[in-house]
Amino acid sequence: MNQVSTGKAEGTLHGPALELPSFSGPLDLLLHLIQKNRAAIYDIPIARICDQYHEYLAAMQEVDLEIAGEFLWMAAWLLQVKSRMLLPAVAESGEDPRAELVERLLEYRRVKELAGILSEVHAMRRGMWPAAVDAGLEPEEVELDWEDVDLEAICRAYVEVMERFAADHPPPLEVLPLRYTVERTMRDLYGRVRSEGMVPLLRLLHTRNDTEEVVTAVVAMLELARLGGIHAEQRKAFAEIYLRPGQRELDMDTLLKEREEHGTRDAESHR
Amino acid sequence: MERETLRAIAEAVLITARGPVTAEQISEAVGEREVEPALVEEVLGEIRDDWDTPHHGLRIERVAGGWRCATPAQLEPYLRAFHGVASRQRLSQAALEVLSIVAYRQPVTLPEINFIRGTNSAGVVRTLLERKLIRMAGRKQVVGKPFLYRTTREFLVHFGLERPEDLPDPEELIPGEPTPVPDDPPTGSAGPGGEDSGP
Amino acid sequence: MERETLRAIAEAVLITARGPVTAEQISEAVGEREVEPALVEEVLGEIRDDWDTPHHGLRIERVAGGWRCATPAQLEPYLRAFHGVASRQRLSQAALEVLSIVAYRQPVTLPEINFIRGTNSAGVVRTLLERKLIRMAGRKQVVGKPFLYRTTREFLVHFGLERPEDLPDPEELIPGEPTPVPDDPPTGSAGPGGEDSGP
């Protein structure tokens, strides 16, 4: 029972020069002291045990051990029980101030007993290796035992899926300032149609690999056609669209100035 | 060392090894001078002969790199059948992913699941339906009216939950150590309907 | 089907299965009406007895409601030498204590474990979850909805138990004092290491 535990995360007692046995918690230490004193759990000599408990903590502090809060909690509790034992009123009431402590110790001792049994079984069975003969079937998909799929497993799976989703879908790029304006494209396109007499629109668009430029050109073309400055013609579905000068002659300078004043930002509304 | 102990060691090594094993390796593992590779080889031959009977389901055989343990070829159909039976109690990683999406985002449609996973999950959804871990719960009132899926009563029983809302939040999963939680995916027009229209 | 064929199938299944196998599964895989689970169980018992000799390096045992095949523990030093691995990690005293509490009070919450041990056990619980010796099994319907923990099938396999109830009862092992144990830890009372214990 008086083992040297390796209580990891809790009440850790480590350090090379340590002569003191370490305990997995304050109840473990208390149980050890009771046994050392050959006392019964049901009749703890509380004053003696309390003193020894405090001596132990002091020794721990001397070797600069960090003492977990739980050990201090227990120290305070023991002091409280000790002082209550001395009160005549408590003694007369027949109520034992140690009762709760006793209950906790009995329960913990039961756990420690079972842990001891498990420890032996563990030591014995740790050396058994499962058979790992390959069945010779085609390589199987990694599968999980449904038995092992608990709340933790399903929650982790969800976190992983969403992490992967986030990685595959980075936040959208910021919108860059427009590189092509409808106004400028209108001017260029109108000029070209006037000077060349006929412009094949689709061929023109196909030579542009910038989507933004294509969109701007289409909008500019539609605007010019609406104003009657150019005439668009397509003989049959999917055939080339030819742009020719329209019935109206446009004064591009005045026109574009007006557009700007009206603040129509076609390019943006068409994005 | 007793010959029977050597024999037991050789068997134990063979059934736990992943690939072929040589007599030299076993001799070395035993680490006793008198257990030479030749002796091990002899014992391995004995083991092979002993196991080679119709009432045994394992064979020891000499292969290129040494000796290995395998099952007799004629038992393959049974192993395959057993594998099928056993796999009903298993779940693929893909199935676990889809199940987690349905669990956490229910009700959810197949297109939404596909969008999140970035891969078609129709087969997996069918498997989960067959295993009664998810169920259909009406249709979503969007184009194509896809089915909505939810988890089942059986799902809750397996996980010991009263309600799907009791599933753990990723943050509370690991006490003391915060898990990174991704932001929700965009729930816009293309997104997996976060602001869902129930049936 | 010949009995010897059934025996061979059972052996082949056992050495290739990755976990405990039930007689029902083997019976189903064979798929013949006369090969009932009871017959398979009988054959498995035969195999167990036949293999249990010093010259064999494999054993089968009844565990976690099924049967599984493993090497005898006393051959471990040779297997470690052959596989070139260190001994499998021991469980710490703290881990064994938490495991004991989960085993005989399951399902149990972390605050309850903390209370019984008088010390914060969150780290140990996480380790045991990672080692698949305990699993999350729902939430307790009390304030804060803490997770409930149970032992796993891996726990049963590791400790050679058929059911969690097969654990010895320490009360019977402690002579002398009768031990009145409260049904539930008096949560909310002022003991150290209660609900929110933790350094």
Side-chain angles (χ1 to χ4, degrees), chain A residues 3-11 24-28 30 40-42 68-74 76-77 100-101 103-104 106-119 121-137 145 147-148 150-153 155, chain C residues 14-16 18-19 58 68-76 79 87-88 90-94 96-97 99-101 103-104 116-124 129 132 135-138 147 152-154 158-160 167-168 170-171 173-174 177 179-182 185 189 191-193 197 199:
Chain A
Q3 39 64 72
V4 174
S5 87
T6 53
K8 260 192 204 150
E10 62 289 302
S24 74
L27 288 168
D28 198 17
L30 204 51
I41 289 182
Y42 284 103
E70 296 119 3
F71 282 87
L72 299 175
W73 221 112
M74 178 63 78
W77 193 15
E100 194 187 342
L101 196 56
E103 232 169 59
R104 295 281 299 267
L106 288 173
E107 174 74 350
Y108 177 70
R109 188 178 65 175
R110 187 177 169 199
V111 167
K112 229 188 134 176
E113 278 297 319
L114 188 54
I117 296 167
L118 289 184
S119 176
V121 178
H122 174 57
M124 201 169 65
R125 295 180 57 88
R126 208 152 54 100
M128 297 170 66
W129 289 51
V133 178
D134 187 21
L137 306 174
D145 212 310
E147 184 88 6
D148 290 339
D150 66 351
L151 284 178
E152 203 203 7
C155 185
Chain C
L14 283 165
I15 62 162
T16 56
R18 293 291 176 261
L58 63 172
R68 75 141 192 175
C69 176
T71 61
Q74 67 269 25
L75 297 182
E76 204 218 359
L79 289 177
S87 183
R88 250 190 288 177
R90 298 189 95 86
L91 290 166
S92 69
Q93 174 69 21
L96 289 163
E97 285 181 11
L99 207 46
S100 301
I101 294 169
Y104 84 95
I116 295 173
R117 290 193 63 224
T119 184
N120 184 17
S121 310
V124 183
L129 278 172
K132 291 205 191 313
R135 65 188 165 92
M136 279 187 182
F147 292 119
T152 60
R153 192 166 62 171
E154 179 60 30
H158 189 87
F159 290 95
L167 276 172
E171 276 181 71
L173 299 165
I174 303 169
E177 304 163 295
T179 53
V181 175
S189 80
S197 79

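Computed from a prediction, not measured in an experiment: that's the story for all the values here. A, B, ... follow the sequence lines: proteins, then strands. Residue 1 opens every chain.
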Worked verdict on C:His158 versus A:Arg125 for side-chain contact (heavy atoms from CB on, under 4.5 Å): CA-CA 7 Å; C:His158 189 87; A:Arg125 295 180 57 88; 5.6 Å; no
For [X], is it the side chain, the backbone, both or neither that has a heavy atom under 4.5 Å from a heavy atom of chain A?
X        : result
C:Leu167 : side chain
C:Arg135 : both
C:Leu58  : neither

Gap separating the CZ atom of C:Arg117 from the CZ atom of A:Arg104, nearest 0.5 angstrom: 12.0 Å
Separation of A:Glu107 CD from C:Ile101 CD1 (nearest 0.5 Å): 7.5 Å
Heavy-atom pair of closest approach, residues [X] and [Y]:
X        : Y        : result
A:Ala131 : C:Ile15  : CB-O, 3.7 Å
A:Pro130 : C:Arg68  : CB-NH1, 4.1 Å
C:Ile116 : A:Tyr108 : O-CD1, 3.7 Å

CA sep, side-chain torsions, deciding dist, call: C:Tyr104, A:Arg110, side-chain contact (heavy atoms from CB on, under 4.5 Å): CA-CA 10 Å; C:Tyr104 84 95; A:Arg110 187 177 169 199; 3.1 Å; yes
From CA spacing to verdict: side-chain contact (heavy atoms from CB on, under 4.5 Å), A:Glu147, C:Glu154: CA-CA 10 Å; A:Glu147 184 88 6; C:Glu154 179 60 30; over 6 Å; no
Exam field: side chain A:Arg126 to backbone C:Leu91, donor-acceptor pair closer than 3.5 Å: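 Absent.
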Test item: A:Glu70 side-chain N/O and C:Asn120 main-chain N/O as donor-acceptor pair under 3.5 Å: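 Indeed, once roles are kept as given, a pair shorter than 3.5 Å links the two residues.
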Among A:Asp134, A:Leu151, A:Val133, A:Leu72, residue most engaged with chain C (heavy-atom pairs, under 4.5 Å): A:Val133
side-chain contact (heavy atoms from CB on, under 4.5 Å) between C:Leu129 and A:Asp150, worked out: CA-CA 10 Å; C:Leu129 278 172; A:Asp150 66 351; 4.2 Å; yes
Identified salt bridge (Lys or Arg N to Asp or Glu O under 4.0 Å) counterpart of A:Asp145 within the set C:Arg153, C:Arg18, C:Lys132: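 Exactly one option meets the salt bridge (Lys or Arg N to Asp or Glu O under 4.0 Å) with A:Asp145, and it is C:Arg153.
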Greatest number of heavy atom pairs closer than 4.5 Å to chain A - which of C:Ala70, C:Ser100, C:Ala103: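 Looking at each option in turn, the highest pair count goes to C:Ser100.
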